[in-house]
Amino acid sequence: MDLQRVRHSTAHVMAAAVCRLFENVKLDIGPATETGFYYDFDLPARLSPEDFPAIEQEMRGIIAEDHPFERIEVSREEAVRLLEEQGQSFKLDRLEDIPEDETITFYKSGGFMDLCRGPHLERTGEIKAFKLTSVAGSYFRGIETNPMLQRLYGIAADSEKELRVLLQRMEEAGKRDHRKLGRELDLFSVQEEVGGGLIHWHPRGARIRCLIEDFWRREHFRGGYELLYTPHIGRARLWETSGHLEFYRENMYSPMDIDGNEYFVKPMNCPFHIQVYKSDTRSYRDLPLRWAELGTVYRYEKSGVLHGLLRVRGFTQDDAHIFCTPEQIEGEIETTVKFALRMLRCFGFEKISAYLSTRPHKAVGEEARWRQATDSLERALKTCGIPFETDQGGGAFYGPKIDLKIQDAIGREWQLGTIQFDFNIPERFDLGYIGEDGGSHRPYMVHRALLGSLERFFGILVEHYGGAFPLWLAPEQVRVLPLTGNQMDYARGVVECLKRDDLRVTLDEKSEKIGAKIRRAQQARIPYMLITGPKEAEARTVAVRERSAGDIGAMSVKDFAAKIAGENVPDRVRAG
Ligand SMILES: [Zn+2]
Ligand SMILES: [Zn+2]
């Protein structure tokens with residue numbers, strides 16, 4: 001069965017139940033979500049999870065009554081009259097969003113009638129399994145100056161069994177929540193004193209970021225990229241030329257005045273990379289140019305949507321721009337897609353898919369170039385065997401693109417990288433190169449980010465690994481735990497020895513029972529614990545404990561170092 005339809009229909013049933021149980025309910029909207037549905041209400045009573053059983057009971061009643069979902073077409077005047085009569089002010093506001101030429105429909109099930117486009121199930125009785133999960137405040141239309149509504153969330157599935165799977169996954173996601181783990185493992189924070197959506201990387205988080213960046217840089221140099229570092233602010237004139245002030249202004253922060261000139265904090269790195277391109281005459285022999293930057297940008301996000309590391313106001317993109325000739329484009333795109341796959345696999349993501357977005361009705365750039373660009377994207381996806389869906393006409397006006405999606409350890413999909421053509425910016429900045437014919441030509445320009453932003457990628461990694469980072473990314477790889485103070489000197493020697501191999505190793509010097517030390521190391525998700533008691537000190541060995549396998553026996557420090565050397569590298573590098 002079409003789950004979207006089931007979930008949206010369940011939202012109707014929930015709204016009907018809330019209207020039966022509470023007075024003066026004003027309705028907003030109730031869409032389906034990825035796992036269920038929500039409905040936004042305004043009502044005098046404050047809903048809490050304690051109300052859920054009663055609402056669910058009422059919903060089960062409505063489902064048992066098996067009402068049909070009746071579609072009722074009305075004129076705009078009739079719709080206004082009906083909604084005014086019911087005092088549905090939010091719905092009246094939403095009514096204005098419906099274009100003049102569109103048919104206005106209400107859907108009626110039992111005594112409940114709702115302005116809605118549909119589609120729905122045939123009857124309420126077709127709903128098989130659902131559960132209410134949470135309630136939260138939500139501003140009308142997501143705008144902070146609007147009234148705060150109550151958003152009631154639920155999940156729905158085809159069967160009770162499927163519902164249990166969903167619930168389990170939600171529970172698992174809750175345990176892996178990167179904001180929770182970020183606190184527990186002391187990885188990062190957001191400080192009100194500084195402002196929302198601005199991330200502070202604590203030493204352990206910063207160490208992981210550093211490892212990601214080192215790996216990223218090495219791979220880029222190996223992949224034929226050069227790095228750029230560019231400024232964080234630029235003059236208004238630059239952003240006018242780039243078109244950002246015209247088309248992207250609402251995502252940019254207010255300008256600052258420097259010597260009477262307006263400067264803007266950058267929301268993107270591209271105009272700076274273009275300036276570097278333009279700093280010299282380029283010939284076809286110089287191309288392709290592949291320039292990457294871990295570029296920190298700032299974009300406005302409503303405070304209501306900020307969310308841990310996933311939605312922030314300042315972030316560092318793993319950005320790159322490729323400038324090339326038409327003859328090079330196909331090879332460049334294939335190389336870029338392969339590069340992206342390798343990168344993502346090294347972080348443990350094996351299930352990768354893509355969206356291909358093609359030319360919209362209104363677009364800039366020659367059609368032949370669009371065709372060549374789109375073909376090269378599609379061919380690269382096919383060559384690499386990546387399953388993809390095509391969003392026909394869904395591309396940006398300036399070029400086709402592919403978005404790469406990964407599936408994490410608990411089956412959730414995340415959109416990460418993007419490979420995006422741009423036929424607009426090279427025009428605006430009048431980019432050129434001298435061709436073999438001696439004439440001036442326009443290069444192809446491709447924006448690409450593979451991890452997206454370091455902040456968001458880190459948030460996804462924390463949840464993917466549940467905080468138990470693989471050895472090569474663990475901020476603390478090995479902790480040495482002396483059984484008693486008598487083994488302290490020997491333990492110090494072990495630490496020094498492993499440090500010489502550049503391992504991230506520490507010593508637990510607390511005078512506590514070994515059980516407590518192990519528990520603490522376990523909570524910190526440290527991959528290896530080396531327990532050193534009198535026996536080990538005597539035999540010059542360590543008793544190795546792995547965080548998930550537990551005790552794996554005693555060995556010499558040299559053997560231990562050799563054993564983990566092969567593990568201390570990104571996944572794919574090891575496999576390859
Ligand atoms: Zn509906
Ligand atoms: Zn760009």
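In what follows, every heavy atom counts, from backbone to side chain, and hydrogens, waters and symmetry copies are set aside. Numbering of residues begins at 1 and proceeds along the displayed sequence. Counting starts at 1 for both ligands and their atoms, following the listed order.
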- Query: How open is the angle at the Zn ion (ligand 1) from atom NE2 of H12 over to atom SG of C116, rounded to 10 degrees?
  - Reply: 130°
- Item | Atoms of the protein (N/O/S only) found under 2.8 Å from the Zn ion (ligand 2) | C270 SG, H321 NE2, H447 ND1
- Query: Does a salt bridge link R141 with E96, judged by any charged N lying under 4.0 Å from a carboxylate O?
  - Reply: no
- Side-chain ion pair, R71 and E73, N-O less than 4.0 Å: yes
- Identify whether NZ of Lys or CZ of Arg in R209 sits under 6.0 Å from the centre of the six-membered ring of F458 and within 45° of that ring's axis. no
- Message: Does the structure place the NZ or CZ of R369 under 6.0 Å from the centre of the six-membered ring of Y444, at an angle of no more than 45° from the ring's axis?
- Response: yes
- More than 12 heavy atoms of other residues, nucleotides or ligands under 6.0 Å from CZ of R76: is that the case? yes
- Task: Count the heavy atoms of every other residue, nucleotide or ligand shown that sit under 6.0 Å from CZ of R217, and state whether that count exceeds 12.
- Result: yes
- Query: Closest to the Zn ion (ligand 1), which N/O/S atom of H120 is it?
  - Reply: NE2
- Task: Verify whether one side chain among S376 and E330 offers a donor that lies under 3.5 Å from an acceptor in the other.
- Result: no
